[in-house]
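The sequence lines fix the lettering, A, B, ..., with proteins before strands; numbering per chain opens at 1.
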Amino acid sequence: MPQPAATGNASDPDRLAPAVVEWFAHAARPLPWRAADVSPWAVLVSEFMLQQTQVSRVQPRWEAWIARWPTPAALAAEPPAEAVRAWDRLGYPRRALWLHRAATEIVERHGGEVPRDLDDLLALQGIGPYTARAVAAFAFGDRHPVVDTNTRRVIARAVDGRAEAGPPATARDLAAMERLLPADRDAAHRFNAGAMELGATVCTARAPRCDACPVADLCAWRARGYPAYDGPRRTRQARFAGSDREARGLVMRELRAAHRPVPAEELRRVLPDDPERFRRALEGLVADGLAVASLDGYVLPHA
DNA sequence: TAAGCGTGGCA
DNA sequence: TTGCCAAGCTT
C-alpha cells in the first residue's frame, strides 16, 4: 500500500521515537532499578515484581530483596519458603517461587550470572516475552523491542488511532514496536523505556493527560477526534470477593506467618463458612507447589 | 486463545 | 461502593 510522502503527516510514526526519547530524558521517574550501577540480577528481580503490580507497591519489597539476596546464588542457597515470605503481599506468590527457581537455573546453567541472550532468558522459569526483552534491553542495553501493556496502549493510540490496544498478540505487538524502534542501540533503549513511561504516567488507560503529552501533535487517536474503542472487549476479571483467589491469599497469609506446620483444621479457620472453597484453594496451592503437606500440617516449600 | 492467578489503588 | 486496572506468565 503506497504511503503518503513524509512531509509532516500528523501521525508520522518516524517522529514518535525521537519525541518520546526527548521527553523521557527529563520526565523519567527516578526509579531505583533504573540507576546506572544496578546489576542485571536486580533488574531481573524488579521485572518479576512489576508483573501486574504497581511501582509504588514494588519499591520497598525490591529494596529489601536486593539487600538480602544481592546475587542469584544468594537466593538459590535458601529454601523457596524464604522467597515466598519475603515476597510478602505483593500478590501472585507463584512469582516468588518462579524467581527462586530462575535463580537456581541461573546458578546451574549460567554460572550464577544472569544470561544476556534472549533465548537463554526465555528459558528461565517465570520469564516470558516481555521480561526476557526487558532484562536484555534495560540490564544489558541490547536492542530489542520491549512491549508491555503501556507500550501497547501508546502504539494503539498514537500510531493506530484507537483508544485501546485490544487483545495481546505477542508476534504482532513485537513487530509493531520493531517498526518504531530506532536503529541506534542507545536510542532504542531510551525509546523502550520512554514508551512504557509515557503509557504509565501520561497516556494512561482511564484518564489520559493529553494536555501534558509530548506526542499529542502527532497522535493519530487525537487527530481522529478520540473515537471510542470498538474492538473486542477484554474478558472481565472475576469478582475478587468470594473468589478462590481470595481464599488462596488468606491461606498463604497463614502459611507465611507460621514457622511450623499448620494443621488443616487450624488452616480452614481462614474460611469458616466455605469449606468447599477452602478445599479448592488449598488443593490449588499444593498443586502449584506453594503449600506442602507434611505429617503435622501444611508448610511453605523447603525444597 | 482463554482462563486462572493476589492485592491494592483509584475514579 | 463497585469495577477497572496494574512493567505478565503458564497451562
Side-chain angles (χ1 to χ4, degrees), chain A residues 28-29 31-34 42-62 84 87-99 101-102 121-139 144-154 163-174 177 192-201 203-209 229 232-256 270 280-281 283-285 287-291:
Chain A
R29 293 166 293 176
L31 304 178
W33 42 86
R34 285 179 180 161
V43 172
L44 188 154
V45 170
S46 79
E47 296 298 347
F48 263 85
M49 291 184 169
L50 286 163
Q51 291 169 6
Q52 297 283 283
T53 307
Q54 301 90 331
V55 164
S56 60
R57 297 175 54 209
V58 164
Q59 193 157 334
R61 290 293 101 220
W62 180 83
V84 172
W87 198 258
D88 198 35
R89 297 171 66 171
L90 269 184
Y92 293 144
R94 291 190 294 192
R95 291 183 294 168
L97 222 45
W98 292 341
L99 179 52
R101 193 168 310 160
L121 286 164
L122 283 166
L124 298 174
Q125 180 66 46
I127 292 193
Y130 164 75
T131 304
R133 289 173 179 80
V135 170
F138 301 145
H144 298 284
V146 180
V147 179
D148 77 331
T149 187
N150 293 302
T151 298
R152 279 164 34 73
R153 186 172 52 250
V154 167
E164 298 179 28
T170 303
R172 182 161 47 75
D173 296 339
L174 287 173
M177 186 60 172
N192 276 319
M196 289 172 60
E197 187 81 345
L198 187 62
T201 63
C203 192
T204 56
R206 252 174 302 179
R209 300 167 43 231
Y229 179 68
R233 291 307 319 184
R234 192 161 17 177
T235 53
R236 251 181 54 178
Q237 188 170 295
R239 183 188 195 82
F240 183 68
S243 69
D244 287 3
R245 292 166 119 169
E246 177 188 40
R248 288 169 57 105
L250 293 171
V251 172
M252 287 305 295
R253 191 184 296 210
E254 291 299 307
L255 294 182
R256 284 195 308 265
V270 302
R280 284 197 307 270
E283 278 188 10
L285 291 171
D288 289 345
L290 282 164

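Along DNA chain C, the stretch of nucleotides lying under 4.0 Å from any heavy atom of chain A spans, 5' to 3', C/dG3 to C/dT10.
In terms of position along DNA chain B, the nucleotide closest to A/Pro168 lies nearer the 5' end than the nucleotide closest to the other residue of the pair A/Pro168 and A/Ala238. Comparing A/Trp98 and A/Arg34 by the nucleotide of DNA chain C that holds the closest heavy atom to each, the one mapping nearer the 5' end is A/Arg34.
Atom CG of A/Leu97 and atom P of B/dC5 are 16 Å apart (whole Å). We find that CZ of A/Arg236 is positioned 13 Å from P of B/dA3, with the value rounded to whole Å.
For residues 232-243 of chain A, the salt bridge (Lys or Arg N to Asp or Glu O under 4.0 Å) pairs, not counting sequence neighbours, are A/Glu164-A/Arg233.
The side chain to side chain donor-acceptor pair (under 3.5 Å) search around A/Gln125 returns none, not counting sequence neighbours. Take A/Thr53 and apply the side chain to side chain donor-acceptor pair (under 3.5 Å) test, not counting sequence neighbours, and it matches A/Arg95. When the side chain to side chain donor-acceptor pair (under 3.5 Å) test is applied to A/Asp173, the partners found at least two apart in sequence or on another chain are A/Arg152.
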Legend entry - Residues A/Arg94, A/Leu290; criterion side chain to side chain contact (heavy atoms under 4.5 Å, CB included); working and verdict: CA-CA 7 Å; A/Arg94 291 190 294 192; A/Leu290 282 164; 3.7 Å; yes
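Residues A/Thr131 and A/Leu124 form no side-chain contact, since every pair of their non-hydrogen atoms from C-beta on lies 4.5 Å or further apart.
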Under 3.5 Å, which protein N or O atoms sit close to an N or O of nucleotides 7-11 of chain B? Give each pair with its distance.
residue	atom	partner	partner atom	Å
B/dT7	O2	A/Arg57	NH1	2.8
B/dG8	OP1	A/Arg89	NE	3.1
B/dG8	OP1	A/Arg89	NH2	3.1
B/dG8	OP2	A/Arg89	NH2	2.9
B/dG8	N2	A/Gln54	NE2	2.9
B/dG9	N2	A/Arg206	NH2	2.9

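Going from the P atom of B/dA2 to that of C/dA7 covers 22 Å, rounded to whole Å. Comparing the P positions of C/dT2 and B/dC5 gives an interatomic distance of 22 Å, to the nearest angstrom.
Within 4.0 Å (heavy atoms only), A/Pro167 reaches no atom of the nucleic acid at all. The residue A/Ala205 sits close only to the backbone: its heavy atoms come under 4.0 Å of sugar-phosphate atoms, none of a base. Within the nucleic acid shown, A/Thr53 comes within 4.0 Å of at least one base atom, counting heavy atoms only. Here A/Thr131 lies in heavy-atom contact (under 4.0 Å) with sugar-phosphate atoms only. Among the heavy atoms of the strands lying under 4.0 Å from A/Arg29 is at least one base atom, whether or not backbone atoms are also near. Within 4.0 Å of A/Trp62, counting heavy atoms only, lies no atom of the nucleic acid at all.
In this model, no donor atom of one side chain and acceptor atom of the other lie less than 3.5 Å apart for A/Gln51 and A/Tyr130.
When each of A/His144, A/Arg34, A/Arg133, A/Glu47 is checked for a side chain to side chain contact (heavy atoms under 4.5 Å, CB included) with A/Phe138, only A/Glu47 meets the rule.
Proximity of a side-chain donor or acceptor of A/Gln59 to a complementary backbone N or O of A/Val55 within less than 3.5 Å is not detected.
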